[in-house]
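One structure is given here, and the rest of the page talks about it.
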Amino acid sequence: MPDSVPVRCPVCRHEQSFTPPTFPCACGAPLTLPLSDATPQPVRHRTWLDSWVAVRCPSCRRLEQWPQPELGCPCGTVLRVPVVPAPGTPDRDLATAGGPGATGPASASSAVLRPAFRPVTIRTARDAITAAGQYLKWLGFSGMRRPEDHTASGVDLCGPGIVAQIDPTTRPTGVRDVECLWLNGLNDSAIGVFFSLAGYSRDARRRADELRVPLFVMDLTGTPQPVNDAADDLIRMGPPEL
């Protein structure tokens with residue numbers, strides 16, 4: 001568990017301890033956001049760009065966008081706790097990255113701007129489905145629902161132009177599950193999106209790249225992170241036009 005650090009509110013001067021959040025990188029390694037010793041700033045209003053920070057995984061060196069940590073002060077002020085960004089990363093890197101976890105190039109005009117995503121804590125398999133559904137709505141998909149033939153198809157969520165599968169198990173998702181989701185999407189003329197709590201096997205990731213299936217991993221906070229380029233593109237551009 002990462003060590004707590006003292007954080008002093010610049011408004012009332014009250015000091016309290018804060019533990020930096022830890023997220024699972026796509027490589028499977030835990031990534032603890034490195035906190036800066038700069039003064040925390042009050043959150044006066046929220047913007048998409050201020051809600052994410054670019055940090056590079058020390059294990060695989062993958063550059064990702066992670067939720068900017070915040071802390072509530074007893075005086076009522078919400079503080080944005082500063083994070084040490086990746087070397088050479090501009091403060092507004094998200095304007096060109098286009099979203100959390102996005103690493104490919106995109107222009108600011110082509111990126112979809114959204115409010116900060118509010119995750120759903122995962123305690124059960126049903127929570128995982130709820131969290132994935134909320135995330136898909138946040139991406140711009142509408143009319144998300146549980147299909148009637150869930151047992152037969154394996155699809156956990158569907159909506160206009162989309163089918164999604166959520167794997168809440170503790171084993172990495174295999175290639176067969178990815179291919180089945182892709183076939184379900186093909187049959188419904190829809191995009192197939194996969195969410196997994198334990199990540200994906202190497203073959204599954206390779207096959208998903210070939211089929212352009214967006215892959216996401218979720219931690220127990222209910223915050224999905226993209227695993228492949230297809231997922232990065234989905235975050236940047238939103239749902240394809242039907």
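Keep in mind that this is a model prediction, so the values were computed, not measured.
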Holding to side chain to side chain contact (heavy atoms under 4.5 Å, CB included), I want the full list of residues that pass it with [X], two or more places apart in sequence or in another chain.
X	value
Asn228	Ala208, Asp209, Leu215, Ala230, Ala231
Ser17	Ser4
Cys180	Arg176
Thr121	Arg123

### Query
With Phe23, which residues qualify under ring-ring contact (aromatic ring centres under 6.0 Å, His included), at least two apart?
Trp66
## Note on the structure
Those residues at least two apart in sequence (or on a different chain) that pass ring-ring contact (aromatic ring centres under 6.0 Å, His included) with Phe216 are Tyr135, Phe195
side-chain hydrogen bond (donor to acceptor under 3.5 Å, both in side chains) with [X]: which residues, sequence neighbours excluded?
X	answer
Thr223	Thr221
Gln41	none
Arg206	Asp203
Glu179	Arg207

Donor-acceptor under 3.5 Å ([X] side chain, [Y] main chain):
X	Y	result
Arg8	Glu15	no
Thr130	Arg126	yes
Asp156	Ile166	yes
Gln16	Gly72	yes

### Query
What salt bridge (charged side-chain N to carboxylate O under 4.0 Å, His left out) pairs are there with at least one residue in residues 20-38, not counting sequence neighbours?
none
### Task
May I have all residue pairs that pass salt bridge (charged side-chain N to carboxylate O under 4.0 Å, His left out) and include part of residues 188-201, sequence neighbours excluded?
none
## Note on the structure
Output for pair (Trp182 CH2, Ile191 CD1), nearest 0.5 Å, gives 13.5 Å
### Task
Determine the sole option in Thr173, Leu181, Val175 for which the side chain to side chain contact (heavy atoms under 4.5 Å, CB included) test with Asp177 is passed.
Thr173
